[in-house]
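Take a look at the structure set out below.
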Amino acid sequence: LTIMLRVARSALRLSPQMAQASASGSNAVRCMALDGMSGFKENEKVIEDMYFTKEDQRILGKLLNKVKTQSDVTDKHAAEGQKTAEMSALTAIVGKYKPTSDDIQKLIAWKHTQY
């Protein structure tokens, strides 16, 4: 629909040019077709950019999880400190619901897989 509107608008803009080009045949039609395709190419570019942005985000998330796992193994002291800080922060937020420590561990694991 938007492509059709763009073609109609360009036809109105090009009407003096079309009158001159009618003697030359299909030049006016070709000009309108190319103008209509420019919007389509822009739309394709936006969709492609969104796809690759999401793919980059997914791949970088996997890389971040891998780095965190490796750093937890190599630096156990810092990993324990981080785990304690995360548990206390989460307990401060959801403590009024009285979650078990197992629930808190699962929430932290979920957070690491999602964010």
Side-chain angles (χ1 to χ4, degrees):
L1 180 64
T2 58
I3 293 173
M4 292 172 57
L5 288 173
R6 288 183 184 171
V7 169
R9 287 181 188 146
S10 65
L12 289 174
R13 281 192 309 251
L14 295 175
S15 59
Q17 294 174 353
M18 285 175 43
Q20 294 173 354
S22 64
S24 64
S26 66
N27 286 340
V29 174
R30 185 175 297 141
C31 180
M32 283 186 0
L34 290 175
D35 187 45
M37 290 300 290
S38 68
F40 184 71
K41 289 179 183 175
E42 290 171 9
N43 190 24
E44 275 186 345
K45 174 87 170 98
V46 168
I47 291 171
E48 185 179 338
D49 288 346
M50 286 175 29
Y51 170 77
F52 283 113
T53 300
K54 290 205 179 269
E55 279 297 304
D56 290 345
Q57 183 181 16
R58 184 183 63 81
I59 290 170
L60 287 174
K62 283 184 176 181
L63 182 64
L64 180 64
N65 285 335
K66 187 175 181 179
V67 168
K68 184 190 178 329
T69 303
Q70 289 176 352
S71 69
D72 288 350
V73 170
T74 57
D75 192 2
K76 293 182 189 282
H77 180 69
E80 284 298 318
Q82 180 67 26
K83 184 177 179 182
T84 305
E86 285 178 340
M87 287 189 72
S88 65
L90 188 58
T91 303
I93 294 170
V94 297
K96 63 183 176 184
Y97 302 111
K98 311 255 189 286
T100 64
S101 63
D102 187 46
D103 291 338
I104 291 176
Q105 299 264 344
K106 287 179 182 177
L107 281 170
I108 290 172
W110 172 80
K111 180 189 122 184
H112 288 287
T113 59
Q114 298 297 317
Y115 300 101

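Starting from 1, each residue takes its place in the sequence as its number.
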From CD (Gln82) to CD (Glu80), nearest 0.5 Å: 11.0 Å
Between NZ on residue Lys62 and CG on residue Leu60, distance to nearest 0.5 Å: 11.5 Å
Quick one: CD on Gln70 to CG on Asp75, what's the gap to the nearest 0.5 Å? 13.0 Å
Tell me yes or no: between the side chains of Asp72 and Thr69, is some donor less than 3.5 Å from an acceptor? no
Measure the shortest side-chain to side-chain distance between Val46 and Glu42 over non-hydrogen atoms and say whether it is less than 4.5 angstrom. no
Test of understanding: clusters of I, L, V, M, F, W, Y form through side-chain heavy atoms closer than 4.5 Å, transitively. Do Ile108 and Tyr97 belong to the same one? yes
With rounding to the nearest 0.5 Å, note down the distance linking OG1 in Thr91 to NZ in Lys96. 14.0 Å
For Glu55, does the CD atom sit with more than 12 other heavy atoms under 6.0 Å from it, leaving out its own atoms? yes
Report whether Trp110 and Ile104 are members of the same hydrophobic cluster (ILVMFWY, side-chain heavy atoms less than 4.5 Å apart, transitive linking). no
More than 12 heavy atoms of other residues, nucleotides or ligands under 6.0 Å from NZ of Lys106: is that the case? no
Side-chain ion pair, Lys83 and Glu86, N-O less than 4.0 Å: no
Hey, any chance Leu107 and Ile93 share a hydrophobic cluster, counting ILVMFWY side chains that come within less than 4.5 Å of each other, even indirectly? yes
